[in-house]
Structures are given as C-alpha cells and as structure tokens.
Amino acid sequence: MRNLPSYPALIAVLLTTTLLAFVASILIGPTELGFRDLVTAIFGESPSMTTMIIGEIRLPRAILGLLIGSTLGLTGASLQGYLRNPLAEPGVIGVSTAAALGAVLAIYTGLSSSVPLALPVMAIGGSLIAVLILRALAGSGSILTLILAGVAISSLGGALTSLVLNLSPNPFASLEIIFWLLGSITDRSMDHVWLAAPFIISGWVLLVLSARALDILSLGEETAISLGINMERTQLFIIFGTAISVGAATAVSGVIGFVGLVVPHILRPWVNYSPSRLLLASALGGATLLLSADVLVRLITPGTELKLGVVTAFFGAPFFLHLILKTKATFNT
Amino acid sequence: MSLKAKNIFVFVHKRKIIDGVSVELERGNLIGLIGPNGAGKSTLLKTLAGVQNRATGEILINGKLAEQLSAEARARTVAYLPQSRRTEWQLPARTLVMLGRFPHRQAFKAPSAACEAAVDRALSAVNATEFSKRSVTTLSQGESARVFLARALAVEAPFLLVDEPTADMDPYHQIHVMEILKNVAKSGVGVLVVLHDLTLAARFMDKLLLMKQGQIVDSGAPKEILTAGNLERVYRISALNGKEGDRAYIIPWSRV
C-alpha cells in the first residue's frame with residue numbers, strides 16, 4: 001500500500017492551492033497588478049483605477065470561479081457516490097442541460113436583455129423542473145431508474161435547445177446563445193455573485209448532510225436500508241442539492257463540463273476511496289482547477305479569450321474516454 | 001427475544017411473491033430457508049430485514065411492531081447480508097467492515113473504541129484480520145465474501161439474516177462460512193440463512209423452513225424436512241441418504 005497523507009493534511013494542501021489560485025485570479029489579467037496593489041485596494045483610502053479593476057472585474061470573477069468550481073467538484077463527487085458510478089456528473093441526471101435550456105429560452109425570448117435577472121432565474125427554473133420530473137419518474141429510490149430518467153431528460157433538454165437555435169430568426173441571438181453555451185466567467189459582476197451564491201450554498205448544505213449515507217451506499221441500496229439509511233430522504237437531498245447549486249452555477253457561467261468528472265477521480269485514492277471524505281476534497285480541488293483554468297485562458301489568448309467551457313472540455317473529454325476504457329477493462333476481467 | 005413475522009403478503013410488480021407466511025426466529029437459532037428458485041426465499045428475507053415493503057402482515061421485533069422502532073434501532077437489532085456482495089470503490093477491508101457500525105455511530109465523529117473493538121471481533125470471527133488493510137477489490141472471492149460477512153457481523157445485532165452466503169464458493173470456503181455462522185448462532189445470535197445447497201443445509205442447520213410458491217410448506221429438523229416425499233414434491237428430485245454419527249446427510253441425485 002502507498003503511504004497516503006492524512007486527511008487533514010490533504011485538506012490543508014487543497015485549501016492552500018485554492019487560496020493561491022484565488023489570489024492569482026485577482027492579480028493576473030490584461031492590467032498587470034502586483035501584490036501591493038491588492039493590499040492598497042483592500043486597505044487604501046481613496047478609490048483608484050486599481051481598486052475598481054479589482055473590486056468590479058477581478059473579484060466577482062474570482063469569487064464565481066471559487067463558487068462554481070467548488071460546486072462542480074462537490075456535485076460530481078456526490079453523484080458518483082450516490083450512483084456508485086465513477087462516470088457520473090451533473091450532466092448525467094440532466095440538471096446542467098435543463099439549466100442551460102432555461103437560460104437559452106431567456107436569451108431567445110429577449111427576456112434576458114430587458115430583465116437581466118431573467119437569465120439566471122430561468123436557468124434555476126430549468127434545473128428545478130428537471131428535478132421534479134426526475135422525482136416523478138424515479139421516485140421509488142432505484143438508482144438505475146434515476147440514471148435512465150436522467151438520460152431521457154438530457155436528450156430532451158438538448159433537443160429543445162437545438163430547436164430554439166433552429167427557430168431563432170435573429171442570427172445575433174443565435175450567436176449569443178452559442179457563446180453563452182460555451183461556458184465562461186468573464187465580465188460578471190457582484191450582482192451575479194449575490195444572485196447565485198445563496199442558491200449555491202444551500203445546495204452545498206444539502207449535499208454535505210448526505211455525506212454519511214454516501215459511505216454506506218458503497219455497499220448497495222439494500223444494505224444501506226438495512227443499516228437504517230432513509231433512501232428517499234437521501235435521494236431528495238442529493239438531487240435537490242445538485243439541482244439548486246448546479247442550476248445557479250450554470251445560470252451565471254453557462255455549461256462548464258468535466259470538472260465534476262476529473263477532480264473526484266484524481267482525488268479518490270488520496271482519501272482512501274471514502275465517498276464522504278471525497279466531498280470536501282473535490283470541492284476544493286474543483287475550485288483550484290476552475291480558478292487555474294480561468295487564469296490560464298487569460299494568459300494563453302489575451303485578445304479573444306478562450307471560453308472556459310471549451311478548455312475544460314478539451315482536456316475533460318479525452319479523460320472521459322480514458323475512464324470508459326479503464327472501466328471497461330475492469331468489467332472484462 | 002425474537003423476530004416474528006405474522007401472515008406476510010408481498011407483491012412485486014403486482015405478482016404475489018410471498019403468500020401468507022409466518023416465521024419466528026429466536027436468539028441462538030440457526031435456521032435454513034430452503035426451496036427451489038423463485039419460491040420467494042430472498043424476498044422473505046428482505047421483508048424481514050425491512051428492505052422490501054410488504055402489502056399486509058406484521059413484523060414483530062421483541063414483541064414490538066417493526067414500524068414502531070426507529071430506523072437505527074431496527075438496524076441495530078436485525079443485520080442483513082444481501083446476495084450481491086460487491087462495491088464499486090476499492091475500500092480497505094477494515095473500512096468496509098466499519099460501515100456495519102453505522103447504526104451505532106454518531107455523525108461526523110471518529111469511531112468509538114467500542115466500534116473499533118466490534119470491528120476487530122468481526123474480522124477475527126471470519127479469519128480476515130491478516131488482510132484487513134487490503135482493498136476488498138484485490139481479495140479472492142472467498143476472502144472478500146468473508147469480509148462482507150464480517151460487515152454484517154460487525155453490527156452485532158441479536159438477529160442476522162444472510163442470503164446465500166456460500167454462492168460461488170469452493171467447498172473449503174463453503175464449509176468455513178457455515179462453521180462461522182454456526183459459531184455466531186452459538187454465541188446467542190438468531191441466524192436465518194437462505195441456502196440452495198441441500199447437503200450443507202442437512203449438515204449444518206438446526207431447523208429448516210421449506211418454501212414453495214411463496215408459502216412455507218414444511219418446517220422442522222433437517223431429517224424431517226429433507227424427506228423423499230418433500231424432495232420429490234417441492235424440488236422434483238430424488239436424493240441419496242446416509243448417516244455420519246447421528247447426523248443424516250443427503251446428496252441430490254436425479255430429477256424425477
């Protein structure tokens with residue numbers, strides 16, 4: 001057996017990397033800032049250009065990176081534990097797709113340009129509707145039914161999004177939709193933060209409350225019930241927790257995929273395969289990854305910034321294929 | 001102390017699986033639940049464990065309706081080991097056995113000394129102490145099955161329900177598992193085991209319940225149950241009979 005660092009040590013390391021990535025996200029960008037600027041911005045008396053850049057451009061972006069990255073890591077780890085499937089992700093149960101559909105409708109109907117708040121609100125609405133349909137289809141608590149229902153909702157959401165794009169009379173609206181779908185946290189304001197944060201954090205609470213059930217679920221549903229786990233409650237918490245936090249995150253960032261897949265997979269051996277301990281580790285890992293990726297897109301292509309969702313997909317999709325091949329190999333032996 | 005089921009009916013997808021069954025398990029009993037495929041043995045076990053919902057009938061745990069107990073109290077009283085014994089995650093064997101202590105543990109707290117001791121006892125009862133640090137996915141089938149059994153033993157419940165503990169095992173490990181269950185019963189636990197292997201059932205069980213089409217059609221000591229008549233009527237087989245000491249044995253021999 002490998003010698004693993006203790007759980008508190010691992011969390012300490014991940015906290016440090018998250019903090020470093022957060023500070024880097026504030027300091028790195030088109031306007032070069034030093035650490036001194038950051039200190040002045042926080043403690044300085046008179047508002048300056050630097051204070052404005054940090055307070056109104058960099059800070060919201062960094063906070064969103066933190067919130068969304070944590071959400072993606074946490075929900076990925078929860079769903080994988082709950083579905084006992086290392087390939088599970090918020091996308092699997094259709095929540096991301098449904099949230100994206102809600103947002104796309106807001107853009108298509110023009111609601112988002114007259115009422116800016118409509119975009120996030122409709123995305124959260126989309127993910128909640130997906131959850132309610134999931135509850136109706138898979139209310140019995142069976143994991144297989146849930147996966148199948150999720151696949152159905154994903155396909156339906158994808159088809160409806162394509163339909164909206166297809167019907168759009170205005171090419172500019174289509175372009176806006178497509179760019180939004182690519183996923184990014186550029187040019188967001190503190191308004192976005194305030195709108196998303198309460199939902200995201202309540203989602204986290206529900207997920208963390210289910211942590212113990214996830215451990216027992218690694219023995220299967222029947223054993224879990226015989227050990228006193230309330231499967232209906234666990235399902236409710238995990239699905240609603242995922243829907244609320246992913247819905248709010250998708251609303252402000254568009255679709256950013258694969259973070260929830262990659263991060264738990266890498267960290268799992270480091271927490272000795274414990275599904276409950278994987279939650280906090282994956283949240284911090286997700287935040288580190290998303291914040292770093294977001295700094296990276298600013299450095300690689302300063303002019304036309306690459307979209308964050310494009311970057312995560314570029315690295316995530318081959319990783320997904322690798323995982324499938326690996327899973328297939330273990331199934332065959 | 002007893003675990004009692006009275007007049008249980010269970011429907012799955014509108015099909016009647018359990019058709020008015022009553023059973024009683026007392027501490028120290030080692031009872032085998034036998035019957036052909038589809039007789040409802042596993043469903044009955046799940047119903048007793050509270051994993052399967054029943055349509056009608058009562059389950060009494062020490063004289064109290066099962067529904068009156070909290071989920072944790074019920075989990076502490078009745079331990080259940082389902083037939084599927086696998087996990088997706090490469091958990092160390094000891095960690096897996098510790099999951100059996102769930103109904104005794106408090107949330108977000110490290111396991112108590114009592115829990116650690118119970119896990120040690122369970123591991124040593126199945127001779128798994130030496131590989132307790134290894135990941136379950138790297139163990140042989142016989143070793144891994146014993147670790148899962150230890151998980152159920154770690155609950156230290158007065159009643160233990162086990163579904164086909166010897167499936168897919170070589171004779172050595174089959175006999176080993178049956179001996180473990182016998183010791184568990186001797187220590188005062190009421191054990192109810194679903195068994196397909198009639199030779200093992202005759203050799204190790206104190207009492208047998210014979211099921212057919214959702215009903216218990218006969219019950220009693222193995223030699224009273226594994227009669228030529230019952231075997232032909234319920235299993236549609238004939239068997240060879242013999243005796244070793246005062247224990248009768250049978251070997252299923254041909255279809256009839």
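Just the heavy atoms: all of them, side chains too, but no hydrogens, waters or symmetry mates, feed the values below. All of these numbers come straight from a predicted model, not from anything done at the bench.
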So does [X] have more than 12 non-hydrogen atoms from other groups sitting under 6.0 Å from [atom1]?
X        : atom1 : value
A:Phe199 : CZ    : no
B:Glu24  : CD    : yes
A:Phe315 : CZ    : no
B:Glu143 : CD    : yes
B:Glu67  : CD    : yes

Check [X] against [Y] and note the closest heavy-atom contact, atom names and distance.
X        : Y        : answer
A:Thr223 : B:Arg151 : CG2-NH2, 3.2 Å
B:Gly100 : A:Leu227 : O-CD2, 3.8 Å
B:Arg105 : A:Arg212 : O-NH2, 3.2 Å
B:Trp89  : A:Arg84  : CZ2-CA, 3.9 Å
B:Pro92  : A:Asn272 : CG-OD1, 3.6 Å
B:Ala71  : A:Gly228 : CB-O, 3.6 Å

Inset, instruction - Measure B:Thr95 against the heavy atoms of chain A and call it side chain, backbone, both or neither at under 4.5 Å. - result: neither

Among [options], which residue forms the greatest number of heavy-atom pairs with chain A at distances under 4.5 Å?
options                    : answer
B:Leu161, B:Leu81, B:Thr87 : B:Thr87
B:Arg85, B:Arg74, B:Lys46  : B:Lys46
B:Pro82, B:Ala49, B:Ala152 : B:Pro82

Inset, instruction - Using a cut-off of under 4.5 Å on heavy-atom pairs, state which of A:Ala224, A:Gly81, A:Ser226 scores highest against chain B. - result: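 Highest number of pairs under 4.5 Å: A:Ser226.
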
Inset, instruction - Drop me the distance from B:Asn53's CG to A:Ile225's CD1, to the nearest 0.5 angstrom. - result: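 Taking CG in B:Asn53 and CD1 in A:Ile225, the distance rounds to 8.5 Å.
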
Legend entry - Pairwise distance CG(B:Leu91) to OG(A:Ser218) - rounded to 0.5 angstrom: 5.0 Å

Legend entry - Side-chain touch A:Asp215/B:Met98, heavy atoms, less than 4.5 angstrom: no

